[in-house]
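Below you'll find the structure, written out as structure tokens, and then a few comments.
Count residues from 1 along the sequence. Start at 1 and go down the list; that is how both ligands and their atoms are numbered. These numbers come from a predicted model, not from an experiment.
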Amino acid sequence: VNDRVWLNANLATLNGGEAFGAIADGALAVREGRIAWLGARSDLPAEWRSAEVSDAQGAWITPGLIDCHTHLVYAGNRAAEFGERLAGRSYAEIAAQGGGILATVRATRAADEETLFAASARRLETLAAEGVTTVEIKSGYGLELAAEAKMLRVARRLGERFGLRLRTSFLGAHALPPEFAHAREAYLDSLCEEMLPALAGAGLIDAVDAFCERIAFSAAETRRVFAAAVRFGLPVKLHADQLSDGGGAALAAEFKALSADHLEYANEAGIKAMARAGTVAVLLPGAFYFLREKQLPPIAALRAAGVPMAIATDANPGSSPCTSLLLMLNMACTLFGLTPQEALAGVTCHAARALGLGDQCGRLAVGLAADFVLWDIDSPIDLVYAMGANPCRQIVIAGSPAPSPQAGEGSFERRFATHAMAKRP
Ligand code: DI6
Ligand code: FE
């Protein structure tokens, strides 16, 4: 692969500091899939003058966007349940009566692997078309070994097919499956002693997640799952304090979790513990919006404590049927009061950290993967401002330009896959 230098671009590096770490009229040089040099074009070293040139034609370049919390792989949908919620039933009520997550578990268990792959690929196509180059996908709609393995295999295959960086999280502790309805301990035995060892052994898990909530698993139960993760050397993440204060933030910090997610009801002590542990706060404005929650996440306290804030879609059929990370940028500002710079950092550098990838991607910096996006915008704030627009012009992953999602024949998935097969081993 030849050296290539991108010229005539404005760079939003997200390397800290003010104004998106912007470099006007910049140059970005790529060698062997990594960023080899970046800076003002006038400072470009002579050795790069002979590299192949890509003219960015005045585009802004940002790091590839990172969606660090999704439940993108599932079958069926819960549109009817949405109707019921609009008529007054609560999310917790529906869950308690066997709907909610368990409705999706039934559909996902019943779906064959190809059907599950096809349904999930359609969602990923939409998500990726907005400049997303790294995606996290959780299991948790199988809740038995075979179905959890099926979900995780589909997630891995999606990553390969789309040529994306993909991280999987095992969310066996998402809900109690019906066959264990009166045997919580037995389900946790099976999770810790059967499912986790088998799935980790098959290389299907990058991290372990749990839903710590009154309607799901207690802090003590979560602790057991985390202890098992530690035995397998796997990092943990946590759905923490979404609907009530269950001490999730402190628990995540205790296990040096990569991230604690949701956090609407997190308390001050938990937030301080997260800061000390280096645990990222993942904010999920789509779920807050779609469930019409009233309790805002403690943004001021997170800021004051210096906890990095990431933003993700939480793409899932029940609480956030959303495949637009750009819309989440807007909602993070309008609903949660983040600044546009905080929002963009939330889907780049901080999202990378939330996946343990902070030294690999999420910023434009020498040595990191050449994952970046060219946007037809006047300023990075445009990405946060517009709702339902997609100014993505081109996506580059590991230095390889992907075809434009807007142009050409056939589905993006097919074109992206052709590209991925041509360019990647
Ligand atoms: N919290 C959420 O927001 C999703 N899972 C979780 O633990 C909801 C998943 C669903 O309703 O299907
Ligand atoms: Fe979630």
Quick check on contacts: which atoms of ligand 1 are under 4.0 angstrom from a heavy atom of [X]?
X      : value
Asp314 : 2 (C), 3 (O)
Tyr141 : 9 (C), 10 (C), 12 (O)
His71  : 4 (C), 5 (N)
His262 : 1 (N), 2 (C), 3 (O)
Tyr91  : 8 (C), 9 (C), 10 (C), 11 (O)

Should Glu213 be listed as contacting ligand 1, given a heavy-atom distance under 4.0 Å as the test?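 Flag not set, Glu213 not near ligand 1.
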Where Gly203 and Arg156 come nearest, the two heavy atoms and their spacing: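 That closest heavy-atom pairing would be O-NH2, 2.9 Å.
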Of the N, O or S atoms in Asp314, the one nearest the Fe ion (ligand 2): OD1
So, of the N/O/S atoms that His71 has, which is the nearest one to the Fe ion (ligand 2)?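 Nearest N/O/S atom of His71: NE2.
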With Arg153 as the cation and Phe117 as the aromatic partner, state whether NZ or CZ is under 6.0 Å from the six-membered ring centre and within 45° of the axis.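 The answer is no; the distance or angle limit is not met.
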Relative to Phe217, does Arg184 satisfy both conditions: NZ or CZ under 6.0 angstrom from the six-membered ring centre, and within 45 degrees of the ring's axis?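 So Arg184 does make the cation-pi contact.
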Is there a donor-acceptor contact under 3.5 Å from the side chain of Ser379 to the main chain of Ile381?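 Indeed, once roles are kept as given, a pair shorter than 3.5 Å links the two residues.
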Sub-3.5 Å donor-acceptor pair from the side chain of Arg34 to the main-chain atoms of Ala370, do we have one?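 Here the side-chain-to-backbone pair does not exist.
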Contact check: Thr104 vs ligand 1, nitrogen or oxygen atoms, below 3.5 angstrom: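 No; every N/O pair is 3.5 Å or more apart.
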Lys/Arg N to Asp/Glu carboxylate O, Glu113 vs Arg157, below 4.0 Å: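 The answer is yes: the pair qualifies as a salt bridge.
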Which heavy atom of the protein is the closest neighbour of atom 3 (O) of ligand 1, given with residue, atom name and distance? Ser319 OG, 2.7 Å
